[in-house]
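Side chains included, hydrogens not; waters and symmetry mates left out as well; all remaining heavy atoms used.
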Amino acid sequence: MTLTMLLVFGALLVLALPVGYALVISSGLAAVTVGGMPSVAAVVKIFQPTQSFPLLAIPFFMLSGSLMMGGTLGKRLIHFATMLVGRFHGGLGQVTVVGSTVFGGVSGSAVAEASALGSMLIPWQKREGYPGAFAAAATASSSVIAGLIPPSIPLILFAAVSNQSIASLFLAGVLPGLLLCAGFMLTCYFSGRLRGFKRLTDEVTLKGVLSATLSAAPALAMPAFIVILLRAGIATPTEVSVLAVFYGLLVSMLVYRDLTLRRLYDALLHTAVTTGVVMLVIAASNLVGYVLTVEAVPTAVADWTAETLKSPWMVILMLNFIMVTVGMFLDLPAAILLLGPTFVAIGNAIGLDLIQLGIMMAVNLSIGLFTPPVGTTLFIASAISREKVGAVVKELWPFYLVAITVLGLISFVPAFTIY
Amino acid sequence: MTTTHTSSGVPAPTGTLASVVKWVDKVVVIAGTAVAITALVIMFVSLMAEVIVRYFTNQGMGWPTEMPNILFPWLVMGGIVLAAQRGQHIAVTAIQARLGRMGNKVLLIGHQALIAATFFYLAWVGLDVLEITGTEVFPVTGITAKWAYLALIAGFVGLGITALTTLGHLLPASDPLAVRAHHIEEDV
């Protein structure tokens, strides 16, 4: 049954059928024709994830992000980041990195961030004399930090797969996210210094910095607000996501005063469509999970891995290799849902903390977002900058090195994720 | 990666069939949008009310917690159909760069035939699910679970119809890749 499913899925994927449809067809075909599962049961399996209360956090966090990102917040955050780091070597690249990190605390989605920030920052950097490919590389790589800063959609998905606490995962993602931010900033600094990129010369005053910080404060407070509510047990993750929407509405209406009916409608529509994209994969993956569980594939793979590779270090290395490779081809939600059940079994077999595994997974698969042949943020940044993907990849090498270094740290030093 | 919506880049087909296809697409988009946004807004209002009431009285109202069971499937299925209409479902499209126009046309027609067959079949199976679950009732609101399962059938039918209208766009198209071609950078 599993082999049939994998073969059909692989064939449909190569034939460019959308991932969600390919999952429904391959798993349904395998379960019903080979496994003898009644079609009615297959339909119920597809339906089940829509009854998950924790998964409801996904559309509400998306809506809060859309509400806040659609207004003047983007410009305010960029102004804030410019005040902080614009005057240093590679300053405009660093503004991209800092902007992405702060934006990540609102959007939760790397793809949304690459589109929103890239459209503002890439043309600006080009006008200031930065190579377009470098500007695209900084955007493509730094936008993936959103996958680690709360409210991270990939971490909610991992929580659903692994039965881990969303609050613990959110908290564990902060330090790796900040490490990536620091690493990417250093990359921009040294690139700017070695290649003589223009530095901003505008005078920075304490008053100006304070004013920019105050203006960006509602966005800066968002991840802290989410983590505090969750850690204090004041509300469930889904309730926090609903409160985040309320917060987004209040900030847009009362603080920034930029909420219009049109923008509200756009945010609702964008949320509905994005929820559809993500939930199709989740619903189909439930059927895939059934096929794998019936044949005890995760347990078998975990036992085989533990027996064959012996050392946990080797197992972790292998997990990383598989995740980076899969991430190069598959989009993040699909990869988490497909690999999750098997990797959780392997993690349990070697005594790996599942929170650490979740962060490893998010970082690995995020790297896949800016690597060819299929890298969503890479393609978005490349399209906005009008630079060839190959040229952007050449500029991405130091960013890859930073990402791999951070990955190594969180994979082999538990203190970076478990605190 | 490219993903597949009706784009302004496609020469508008003419004739009765083209008008029907356009009209059907419009109905599907309006219905999907209305259903998904209504479900999202009602869930937000009811869950927000539940949080506020529980904060002040230490006791929930109960019924808002059942709203997601009934409405989340409608949001999801409405969103899935809208994403299909806009060509936003994610695909690995490397092979399309290697195929010519005719090759891509055949490939995409094959996709739509497969999608239509799959989802109309699932909608038909869904009718049995409705029958089986007819007796299930949500305890607080007393609403039958049929209303939740109905979303699945409506969504499957929406996907099947979208596949058929996509076929209607594909057949006369000179550039098949422009049909429901979604340009992700335009989402800004």
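Minimum interatomic distance between B:Ala36 and A:Ala272 (heavy atoms only, all atoms of both residues): CB-CB, 3.7 Å. Between A:Tyr21 and B:Phe119, the closest heavy-atom pair is CD2-CE1, 3.5 Å.
Only the side chain of B:Val41 comes within contact range of chain A, judged by heavy atoms closer than 4.5 Å. Both the backbone and the side chain of B:Val76 come within contact range of chain A, each with at least one heavy atom under 4.5 Å from a heavy atom of that chain. In this structure, the portion of B:Phe156 lying under 4.5 Å from any heavy atom of chain A is its side chain and not its backbone. Looking at B:Leu152, the atoms closer than 4.5 Å to chain A (heavy atoms on both sides) all sit in the side chain, from C-beta outward. Heavy atoms closer than 4.5 Å to chain A are found in the side chain of B:Ile37, but not in its backbone. Contact annotation for A:Val278: neither backbone nor side-chain heavy atoms come within less than 4.5 Å of a heavy atom of chain B. Only the side chain of A:Leu12 comes within contact range of chain B, with heavy atoms under 4.5 Å apart. Interface residue B:Ala148: backbone and side-chain heavy atoms are both found under 4.5 Å from chain A. Proximity to chain B (any heavy atom under 4.5 Å) is restricted, for A:Phe60, to the side chain, taken from C-beta onward.
At least one side-chain heavy atom of B:Arg86 sits less than 4.5 Å from a side-chain heavy atom of A:Val273. Counting only heavy atoms from C-beta outward, the side chains of A:Pro18 and B:Ile90 never approach each other to under 4.5 Å. Put simply, the side chain of A:Tyr265 reaches to within 4.5 Å of the side chain of B:Thr33, judged on heavy atoms. Using a 4.5 Å heavy-atom threshold, the side chains of B:Met48 and A:Leu243 count as touching. Side-chain contact between B:Phe44 and A:Val242 is present, with heavy atoms from C-beta onward closer than 4.5 Å.
Ranked by heavy-atom pairs under 4.5 Å with chain B, the list A:Val14, A:Ile234, A:Leu280, A:Leu117 is led by A:Leu280. Comparing A:Val24, A:Leu268, A:Thr238 by how many heavy-atom pairs each has under 4.5 Å with chain B, the most go to A:Leu268. Of all the listed residues (A:Leu63, A:Thr275, A:Leu269), the one sharing the greatest number of non-hydrogen pairs under 4.5 Å with chain B is A:Leu269. Options B:Thr65, B:Leu107, B:Leu82 differ in how many heavy-atom pairs under 4.5 Å they form with chain A, and the most are formed by B:Leu107. Between chain B and the options A:Leu17, A:Val277, A:Val40, the largest number of non-hydrogen pairs under 4.5 Å is found for A:Leu17.
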Would you mind writing out the side-chain donor-acceptor pairs for residues 41-58 of chain A within the sub-3.5 Å range, not counting sequence neighbours?
unit_1  : atom_1 : unit_2   : atom_2 : d
A:Gln48 : OE1    : A:Asn286 : ND2    : 3.0
A:Thr50 : OG1    : A:Phe47  : O      : 2.6
A:Gln51 : OE1    : B:Asn69  : ND2    : 3.1
A:Gln51 : NE2    : B:Asn69  : O      : 2.9
A:Ser52 : OG     : A:Leu55  : N      : 3.3

Can you give me every donor-acceptor pair (side chain of residues 124-140 of chain B, partner residue at least two apart or in another chain, under 3.5 Å) with its distance?
unit_1   : atom_1 : unit_2   : atom_2 : d
B:Thr133 : OG1    : B:Val129 : O      : 2.8
B:Thr133 : OG1    : B:Leu130 : O      : 3.4

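Summarising the geometry, atom CE belonging to A:Met279 is positioned 10.0 Å from atom CE belonging to B:Met77; distances are rounded to the nearest 0.5 Å.
When atom types are taken as modelled, the side chain of B:His111 and the backbone of A:Leu15 share a donor-acceptor pair closer than 3.5 angstrom.
Other residues, nucleotides and ligands contribute over 12 non-hydrogen atoms within 6.0 Å of the CH2 atom of B:Trp63.
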